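Report on the structure given below.
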Amino acid sequence: MAGDDEKKQNGTSFDLNDFTIIKEGDAEILMHAKNEVFYNNSQVNNRDMSIAVLRTFISQRKQEHDAMLARRTKAGNKAPNAKAENPGDSVQHNGESNDGSEVLKDASHGESSSIPVEQTKNLQGKGREELKPPRVLEALSASGLRALRYAHEVEGISQVVALDNDKASVEACRRNIKFNGSVACSKVESHLADARVYMLTHPNEFDVVDLDPYGAPSVFLDSAVQSVADGGILMCTATDMAVLCAANGEVCYSKYGSYPLRGKYCHEMALRILLASIESHANRYKRYIVPVLSVQMDFYVRVFVRIYTSASDVKNTPLKLSYVYQCIGCDSFHLQTVGRTVSKDKSVRCLPGFGPAVPQECSDCGKKFNMGGPIWSAPIHDQEWVAAMLANVKSMKERYPAYERISAVLTTVSEELPDIPLFLSLHNLCATLKCTSPSAVIFRSAVINAGYRISGTHVNPLGLKTDAPMNVIWDIMRCWVRNHPVKAQPSDQSGSVILAKEPVLQANFARAVASLSQAQAKKVARFLPNPERNWGPKLRAGRQITSKHVSLLGPKALNAMSNHEIGEGTNHENGDGSNHENGDGINHENGDGSNQENGDGSNHEDVEEPAAKQ
């Protein structure tokens with residue numbers, strides 16, 4: 001990194017003895033002994049995953065641009081004939097409307113999108129074949145580590161704008177930019193600003209917007225979806241997992257517009273609630289999202305979505321959202337889409353969905369249902385993107401400090417059934433029936449032999465995604481219990497009611513070829529333990545580390561603070577994982593502030609979102 005001479009030339013006026021140098025990837029930052037600026041080393045997973053997505057995005061963006069030029073060239077060859085035949089047509093010529101905007105089909109998913117004016121100008125005249133390098137906005141930067149890593153490690157980025165509304169954080173970010181030398185100084189710029197106001201006043205300007213707040217991102221979503229350029233990507237983290245996982249359901253509804261349910265699938269439901277919320281904000285501006293990757297890692301959820309503009313495609317949003325009905329007795333769940341389509345002649349109409357999807361009482365155990373949602377029920381990953389990311393990560397493993405973890409997550413994601421929302425827990429099924437559990441291979445085989453699909457999930461090592469209906473699942477379990485009897489239970493319990501019925505399907509437990517995924521067959525590690533103790537959430541920047549934090553942070557951080565040294569996580573983000581790391585957190589602007597600690601999340605009880613600190 002920059003040597004002492006270079007630091008002097010850059011005008012750095014600080015004593016290195018007062019700081020600890022932290023290196024991650026190709027970037028280095030200076031951290032003061034006091035917990036003034038947020039940093040969390042466990043967020044290296046988050047940063048590495050984001051870099052992998054950015055590299056893939058730049059590659060895909062180039063391919064889409066080349067495909068667009070090819071279509072324009074082909075259309076241009078037909079233009080003379082088209083004009084001769086329709087000389088008075090001023091509404092649209094060769095994909096251009098009469099106001100000069102160009103309407104094209106996106107190469108990646110075939111959706112209509114409108115090219116921004118700036119890009120259209122670049123495609124005209126002498127510079128029509130030039131594609132401007134992407135600009136990145138890191139809305140909550142704190143120490144600036146994330147922005148510095150983007151600038152150093154992702155080729156093709158022209159500029160990274162790092163924002164924070166905390167003066168100490170902006171000073172630290174600017175100090176770190178100088179400390180990282182000429183490359184950082186030429187690409188990264190830091191501003192003291194409220195991220196919400198900045199994004200609102202810079203609409204459609206950034207190809208990439210990164211939101212990683214300390215707590216809930218809900219207060220930033222409305223301005224973020226406007227700041228992303230058409231076809232750009234929004235990367236968003238939520239660490240208020242207690243709220244999203246139904247510890248405070250009414251707070252979740254106030255922040256995200258969806259009601260969560262308590263279930264083994266709660267972390268995936270958290271992902272889908274966040275996606276539904278982003279879609280809702282985007283729809284208000286005739287925009288919609290296309291998720292390319294959505295993951296739950298450590299103590300947070302992280303989604304990566306492309307944003308496009310199309311008033312007609314926004315009408316399809318109700319088809320991508322569903323309400324969830326979960327039985328309070330046996331935990332069976334059913335989904336009901338918000339909307340449906342009806343085709344007549346050559347037209348397609350969108351209508352309200354049919355309901356209810358379930359009777360008043362569960363057909364399996366006779367208990368009532370809780371209703372949650374709406375959630376995003378369309379695919380949450382683009383498998384082509386995931387394959388490209390996984391190939392990139394494996395080919396550049398030395399460039400990813402958290403290679404083992406992110407490659408394991410991407411491997412598991414690549415094997416998920418993309419069109420199946422939520423998942424079952426085999427142990428939960430057995431707990432309902434009070435029976436011994438079959439192995440995952442045996443259960444998978446029974447589902448496959450019954451003619452259905454099944455896969456694992458990256459969210460839970462015991463989770464199983466399948467398109468088999470719940471009556472088939474319970475028939476398989478009845479057949480299992482018939483061969484592995486259970487003790488008699490009270491007749492009013494859900495398990496007793498389920499077992500009292502004879503199975504309609506006779507399960508075949510013979511081992512199926514596809515009962516193991518390719519990763520399992522090759523014994524590839526998919527769920528890794530934390531690399532060290534006290535891995536996870538940290539305290540919000542500015543808080544004093546005291547003895548009461550030992551259980552969360554470990555004695556090392558406490559000792560380091562007393563010696564005025566920066567321990568491994570001396571800083572801490574919010575428990576729930578909050579914001580994490582990169583300064584992003586630091587900003588904490590998200591007012592929700594939350595405090596969250598339970599791994600799954602946060603605490604957050606406040607319903608109101610205070611305004612970002614100035």
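These numbers come from the heavy atoms of this one structure, side chains and all, not from hydrogens, waters or symmetry mates. A quick note: this is a predicted structure, and the numbers were derived from the prediction, not measured.
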Report task. Applying side chain to side chain donor-acceptor pair (under 3.5 Å), run through Trp474 and Ser332 and close with a yes or a no. Result -> CA-CA 9 Å; Trp474 289 123; Ser332 297; 3.0 Å; yes

Query - Pair Asn46-Arg146, side chain to side chain donor-acceptor pair (under 3.5 Å): steps then yes or no - result: CA-CA 10 Å; Asn46 186 311; Arg146 186 181 298 255; 2.9 Å; yes

Query raised in the report: Is Leu274 close to Tyr256 at the side-chain level, that is, under 4.5 Å between some pair of heavy atoms?
Result: yes

Query raised in the report: Excluding sequence neighbours, so at least two apart, what forms salt bridge (charged side-chain N to carboxylate O under 4.0 Å, His left out) with Glu416?
Result: none

**Report entry** Separation of Leu321 CG from Ser258 OG (nearest 0.5 Å)
**Finding:** 8.0 Å

Query raised in the report: Can a salt bridge be assigned to the pair Asp298 and Arg405 using a cut-off of 4.0 Å between side-chain N and carboxylate O?
Result: yes

**Report entry** Tyr253: partners by side chain to side chain contact (heavy atoms under 4.5 Å, CB included), with sequence neighbours left out
**Finding:** Tyr259

Requested in this report: Sequence neighbours left out, what passes ring pair (Phe, Tyr, Trp, His ring centres under 6.0 Å) with Phe443? Give chain and number order.
Outcome: none

Query - Salt-bridge present (Glu153, Arg47; N to O < 4.0 Å) - result: no

Report task. Kindly indicate whether the side chain of His381, heavy atoms from C-beta on, has any atom under 4.5 Å from the side chain of Pro418. Result -> no

Query raised in the report: How about Asn392 and Tyr400: does a side-chain donor come under 3.5 Å of a side-chain acceptor?
Result: yes

**Report entry** Charged N-O contact under 4.0 Å between Arg302 and Asp210
**Finding:** yes

Requested in this report: List in chain and number order the residues that pass salt bridge (charged side-chain N to carboxylate O under 4.0 Å, His left out) with Asp207, two or more places apart in sequence or in another chain; answer none if no residue qualifies.
Outcome: Arg61

Report task. State which residues pass side-chain hydrogen bond (donor to acceptor under 3.5 Å, both in side chains) with Arg444; sequence neighbours excluded, sorted by chain then number. Result -> none

Requested in this report: Kindly indicate whether the side chain of Leu422, heavy atoms from C-beta on, has any atom under 4.5 Å from the side chain of Phe333.
Outcome: yes

**Report entry** Residue pair Arg284, Ser280: steps toward the side chain to side chain donor-acceptor pair (under 3.5 Å) verdict
**Finding:** CA-CA 7 Å; Arg284 297 163 196 172; Ser280 175; 3.3 Å; yes

Report task. Take Leu140 and Phe220 through the test side-chain contact (heavy atoms from CB on, under 4.5 Å) and record every step on the way to the result. Result -> CA-CA 10 Å; Leu140 312 167; Phe220 304 110; 4.0 Å; yes

Query - Pair Asp222 + Arg196, salt bridge at N-O below 4.0 Å - result: no

Requested in this report: Please examine the side chains of Leu137 and Leu163, heavy atoms only from C-beta on, and report whether any two atoms are closer than 4.5 Å.
Outcome: yes

**Report entry** Val358: side chain to side chain contact (heavy atoms under 4.5 Å, CB included) partners, not counting sequence neighbours
**Finding:** Tyr325, His334, Phe369

**Report entry** Any residue meeting side chain to side chain contact (heavy atoms under 4.5 Å, CB included) with Pro469, in chain and number order, not counting sequence neighbours
**Finding:** Tyr452, Asn471, Val472

Query raised in the report: Among all residues two or more places apart in sequence or in another chain, which pass the ring pair (Phe, Tyr, Trp, His ring centres under 6.0 Å) test with Tyr323?
Result: none

**Report entry** Neighbour count above 12 (heavy atom, 6.0 Å) for Glu398 CD
**Finding:** yes

Report task. Sequence neighbours left out, what passes salt bridge (charged side-chain N to carboxylate O under 4.0 Å, His left out) with Glu415? Give chain and number order. Result -> none

Requested in this report: Please list, chain by chain and in numerical order, all residues satisfying salt bridge (charged side-chain N to carboxylate O under 4.0 Å, His left out) with Lys264, sequence neighbours excluded.
Outcome: none

Query - Within the 6.0 Å centroid threshold, strictly below: Phe57 and Phe304 - result: no

Query raised in the report: Do Pro438 and Cys430 come within less than 4.5 Å of each other through their side chains, counting heavy atoms only?
Result: yes

Query raised in the report: Who passes side-chain hydrogen bond (donor to acceptor under 3.5 Å, both in side chains) against Ser322, sequence neighbours left out?
Result: Ser377

**Report entry** Partner residues of Arg340 under the side chain to side chain contact (heavy atoms under 4.5 Å, CB included) criterion, sequence neighbours left out
**Finding:** Val342, Leu351, Phe354

